[in-house]
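Throughout, a chain's letter reflects where its sequence line sits, starting with A, and its residues are numbered from 1.
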Number of protein chains: 2
Amino acid sequence: MNNFQFKNPTKIIFGKDTIKEITTQIPKDAKVLLLFGGGSIKKNGVYNQVKEALKTVEVVEFGGIPANPEYSVLLDALKVIKEEKITYLLAVGGGSVIDGTKFLSAAALYDGEIPWDILTNNIRTEKGMPFGTVLTMPATGSEMNSGAVITRRETKEKLAMGGPGLFPEFSVLDPQVITSIPQRQLANGLADSFTHVLEQYMTYPVGGLLQDRFAESILQTIIEVAPKVLKDPTDYKAAANYMWSCTMALNGLIQQGVPGDWAVHGIGHELTALFGIDHARTLAIIAPSHYAFNFEAKKEKLAQYAERVWNVTTGSTDEKAQAGIDKTVTFFHELGIDTKLSEYTKDYEGTAEIIAKRFTERGWLALGEHQSLSPKNVEEIVKMAY
Amino acid sequence: MNNFQFKNPTKIIFGKDTIKEITTQIPKDAKVLLLFGGGSIKKNGVYNQVKEALKTVEVVEFGGIPANPEYSVLLDALKVIKEEKITYLLAVGGGSVIDGTKFLSAAALYDGEIPWDILTNNIRTEKGMPFGTVLTMPATGSEMNSGAVITRRETKEKLAMGGPGLFPEFSVLDPQVITSIPQRQLANGLADSFTHVLEQYMTYPVGGLLQDRFAESILQTIIEVAPKVLKDPTDYKAAANYMWSCTMALNGLIQQGVPGDWAVHGIGHELTALFGIDHARTLAIIAPSHYAFNFEAKKEKLAQYAERVWNVTTGSTDEKAQAGIDKTVTFFHELGIDTKLSEYTKDYEGTAEIIAKRFTERGWLALGEHQSLSPKNVEEIVKMAY
């Protein structure tokens, strides 16, 4: 097990009818910017519950944060924060709204002139403007971590940021929100959270026995509840386990003391930037090819995964490892998610070269848990995923 | 799954040679009270590492906190805190030293006249004196939670306290400390952490699928590493997994959204107060009888435990559940821990009645996850454990 430091101060408020609890979490003298996305919260009742809970504090609203939170939109919100002298941010939405709010938390207190520098210069935020979240779409885990990914359409870039100052002060998780999420997004969330676990698990054994079992626990739980969530989003038991699994998948716990990969995300982000493919679906496109390409380096963990998560008890290590990849592809298909780039776009030719070139230009010369994947390797992985 | 609120702000610093990190965690202008136990830290090198890391701050020392931290000793430490105008506490030890430090953290800022009232009046500490810990004996999980248990020899009482102000600011977990722990204490720690998980798991199903799997993950990991830790405490991989399992067993995570029992601890504490039996061993005495007495209410979880943790795949629910109890007894025996009160004392007759009377007098009329265990039931459980 590797040495690690772990601290996660976010307060989770989980369960039925818990949105009203935000009243007690936000300082009484706060001036709140309420941030949300395309307006679905006005249809599903969440907006009204939030407004009711906020009626004792001053609130300004900013809606319209898009999926893959867009820099130019966030700059408009930043202007509101400064003009209105906002002191507290409340994100009501999924990963995009929460990630956008993290950017604003950082940018609101950032000294530099150009906020985009936070992303390109990897500036860690030690202290941001305080914020809470009301999660309306379980998937990214952003509600209990300190990372964010921001998109800039102008330059077709999608970059990560973070720092210890960007944990939400609180996050409200009411599993009942799942009832109003479209099937497509539910499937995305399941694939996204599942892949988050794989990125932290599908590497090589370092004796993190407990971490491995925790990761497998989350994978098993997602597999168990996925068909129930898709079939009947009013199944509260399934919804609650799904929601808590998404949070635990990426709140920092299972990554402690073990190597992380994250190449699937690194490559996947480019597919979103280039083609606008849903984030989760880019992961389902890249993961199988990535594991196949790095089969030798990952086969021990692939075999363990096949055994413990998918109950593949016979065969050699190689056979079990291959079964692990096959089971993963089948799982994505059962969620209704295609796993080849050509199933999403006819313009896929040349994509591998473009991504490899972007990685080279950006100085990303070594990806994966061994830091051994070159842009040339990335090119091959993307070609395998056509 | 039940509604829950969860926040755990303790920073964990985990791994080889990490004691030096405390330098960066304590404010430079702090006046530190360094608290420890019987002096083993002066033999195993931990004391020297801590002193080296503290050399830039002012330090006063207070040693001699006994196992089952004793109120009268802690009052002496409290006097030092006030006289020396201490601003920061550093516990270097196991659960007893850390629990004692939590009492001091609370008492140092307590308004009332008699510190023992914090325990008898169940006063939750919202804000205590800040403190960190260097863990020298994995077992209790106190290094990452906000609870403590304090003993008062004068009245033969052992009572619990806690509150959100009593999380350590940081805890240093260097698994190498295990090499200097006597076998008896290692065995105690394994039994203690194992039973902590059982108290939060061996109840009845409420659809906490992920919580159940996390609990089972910790149990499986303790079972896997226990013989290695006992045979060769220098086995770093085993030591690290053992240490992290102890912390995860009682840092609040696995109890979220599910019922808790804690009757084994409630009864066990009385055996320590009455006979001075090691805390962990009282749990091994009470747990099997408790599960046998409450067989009908717990059999579903007992059977799940037997299946998933002990790989008992055949038999009826009742048979599997009984196998779960039997496997637990065998596990304690393999740790070298006896599971009957009569193996610890010849004066056991009448103990059941004494404990039942104490519970009645204290107003503890309903224990267990269903709050259905009366003092009379407790009497029967203790008799079964003779």
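Of all the listed residues (A/Gln5, A/Lys7, A/Arg213), the one sharing the greatest number of non-hydrogen pairs under 4.5 Å with chain B is A/Arg213. In terms of heavy-atom pairs under 4.5 angstrom with chain A, the leader among B/Asp17, B/Thr18, B/Asn8, B/Asn2 is B/Asn8.
At a threshold of 4.5 Å between non-hydrogen side-chain atoms, the residues B/Ile13 and A/Asn3 do not count as touching. Contact of the A/Ile12 side chain with the B/Phe4 side chain is registered, since non-hydrogen atoms from C-beta on lie closer than 4.5 Å. Under the 4.5 Å side-chain criterion, counting only non-hydrogen atoms from C-beta, B/Lys237 is not in contact with A/Val206.
Contacts of B/Asp174 classified as side chain to side chain donor-acceptor pair (under 3.5 Å), with partners at least two apart in sequence or in another chain: B/Gln176. Residues passing the side chain to side chain donor-acceptor pair (under 3.5 Å) test with A/Thr133, sequence neighbours excluded: A/Ser171.
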Could you list the donor-acceptor pairs under 3.5 angstrom formed by side chains in residues 21-30 of chain B, with sequence neighbours left out?
| unit_1 | atom_1 | unit_2 | atom_2 | d |
| --- | --- | --- | --- | --- |
| B/Thr23 | OG1 | B/Lys20 | O | 2.9 |
| B/Thr23 | OG1 | B/Ala53 | O | 2.9 |
| B/Thr24 | OG1 | B/Glu21 | O | 2.7 |

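Using a 4.5 Å cut-off between heavy atoms, A/Leu173 makes no contact with chain B at all. For B/Tyr236, the part lying near chain A is the side chain, with the backbone staying farther off; criterion is any non-hydrogen pair under 4.5 Å. With a 4.5 Å cut-off on non-hydrogen atoms, B/Ser245 touches chain A through its backbone and its side chain both.
For a heavy-atom cut-off of 4.5 Å, chain B lies close to A/Ser217, A/Ile218, A/Gln220, A/Thr221, A/Glu224, A/Val225 in residues 216-229 of chain A.
B/Met1 and A/Phe14 get closest at one heavy-atom pair: SD-CE2, 3.7 Å.
Counting only distance, with no hydrogens or angles, the side chain of B/Asn241 and the backbone of A/Leu210 share a donor-acceptor pair below 3.5 Å.
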